[in-house]
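This one's a predicted model, so the numbers in the text were calculated from it and none came from an experiment.
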Amino acid sequence: MPAPVCPIDLPAPEILARTLADRLPAFQDVIWTGSTGSTNADLLARARSGAGAGKPWLLGTHQQDAGRGRAGRPWQNRSGSTLMFSCAFDVHLPAMQLAALSPLAGVAACEALRTVAGPGSRGLCMKWPNDIQWHDAKLAGILVETTRNPGGRD
């Protein structure tokens with residue numbers, strides 16, 4: 001039987017966006033919405049259109065109802081149950097090296113969480129190829145998708 005989900009008391013989207021933007025000064029654009037289909041799909045469409053200033057961008061939502069995980073699996077949430085967000089970065093790598101981004105992002109996220117958690121990080125690990133686990137439970141999933149920059153450097 002799955003463990004009960006404890007709702008997260010998230011601030012209003014505009015307050016959360018402002019707070020994140022203040023704490024993530026390297027991000028050129030931080031947006032948080034009440035609901036969207038897929039944060040990844042939204043950022044991919046934005047990048048493909050050539051809209052917006054330089055990256056990185058962060059797009060988060062209280063509720064996502066058409067997200068996808070690895071192998072096209074659905075990735076949805078109930079509002080207040082999880083943090084759903086995507087980031088867009090310009091990456092300048094040869095195509096054959098792009099496959100390394102997902103596990104590298106997982107390792108980087110896991111190490112960053114260990115730094116924040118300090119001595120309490122002992123049950124934090126990465127489950128190949130793209131999940132971060134806390135003891136035996138999935139804490140986060142990382143999905144890397146790529147697109148070319150229209151009119152920009154690939």
Side-chain angles (χ1 to χ4, degrees), residues 1-44 46-47 54-147:
M1 174 175 247
V5 175
C6 299
I8 302 169
D9 190 18
L10 294 174
E14 60 278 0
I15 293 170
L16 191 49
R18 197 169 38 251
T19 301
L20 288 169
D22 289 346
R23 294 185 182 184
L24 299 169
F27 278 77
Q28 301 299 307
D29 194 27
V30 176
I31 299 170
W32 202 277
T33 67
S35 177
T36 192
S38 165
T39 56
N40 261 26
D42 293 349
L43 284 184
L44 279 170
R46 181 178 173 192
K55 293 177 199 76
W57 303 329
L58 183 144
L59 173 62
T61 188
H62 282 19
Q63 182 169 343
Q64 176 172 266
D65 57 18
R68 7 176 242 296
R70 260 182 79 232
R73 291 182 189 101
W75 188 258
Q76 301 166 342
N77 74 308
R78 290 182 301 254
S79 187
S81 66
T82 56
L83 293 174
M84 305 294 278
F85 66 94
S86 296
C87 299
F89 298 93
D90 282 329
V91 176
H92 307 287
L93 291 173
M96 64 187 204
Q97 292 179 353
L98 291 175
L101 286 178
S102 183
L104 286 173
V107 169
C110 196
E111 290 303 309
L113 287 168
R114 283 186 177 139
T115 300
V116 172
S121 68
R122 285 178 43 157
L124 191 60
C125 66
M126 187 179 146
K127 178 184 170 199
W128 184 263
N130 68 335
D131 290 345
I132 298 172
Q133 290 193 309
W134 176 251
H135 297 283
D136 291 327
K138 183 174 181 172
L139 179 65
I142 296 174
L143 175 65
V144 173
E145 296 181 297
T146 61
T147 189

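Side-chain atoms of W32 and H62, non-hydrogen and from C-beta on, do get closer than 4.5 Å to each other. The shortest distance between side-chain heavy atoms of L113 and S121 does not fall below 4.5 Å. Within the 4.5 Å cutoff, the side chain of P13 has no heavy atoms near those of the T33 side chain.
Remark: of the listed residues N40, T39, D42, T36, T39 is the sole one forming a side chain to side chain donor-acceptor pair (under 3.5 Å) with Q64. Applying side-chain contact (heavy atoms from CB on, under 4.5 Å) to K55 and the options D29, L43, V91, D90 leaves one that passes, D90.
For residues 99-117, every residue pair satisfying the side-chain hydrogen bond (donor to acceptor under 3.5 Å, both in side chains) rule, not counting sequence neighbours, is listed here: E111-R114.
Going from atom NZ of K127 over to atom SG of C110 covers 14.0 Å, rounded to the nearest 0.5 Å. Atoms CD1 and CG, from I15 and L20 in turn, are 12.0 Å apart once rounded to the nearest 0.5 Å. Atom OG1 of T61 sits about 11.5 Å away from atom CD1 of I31, to the nearest 0.5 Å. With values rounded to the nearest 0.5 angstrom, Q97 atom CD is found 13.5 Å from H92 atom NE2. Rounding to the nearest 0.5 angstrom, the gap separating the CG atom in L101 from the OG1 atom in T146 is 8.0 Å.
Between A47 and T147 the shortest heavy-atom distance is CB-CG2, 3.9 Å. Summarising the geometry of P25 relative to D22, their closest heavy-atom pair is CD-O, 4.1 Å, with the distance given to 0.1 Å. Nearest heavy atoms, G106 versus I132: O-CD1, 4.0 Å. Here the closest non-hydrogen pair linking I142 and A109 is CD1-CB, 4.1 Å. Looking at every heavy atom in both residues, W128 comes nearest to P103 through CZ3-CB, 3.4 Å. The nearest pair of heavy atoms linking P56 to A26 is CD-O, 3.5 Å.
A 6.0 Å sphere centred on CZ of F85 holds no more than 12 heavy atoms belonging to other residues, nucleotides or ligands.
With sequence neighbours left out, the salt bridge (charged side-chain N to carboxylate O under 4.0 Å, His left out) criterion links E14 to no other residue.
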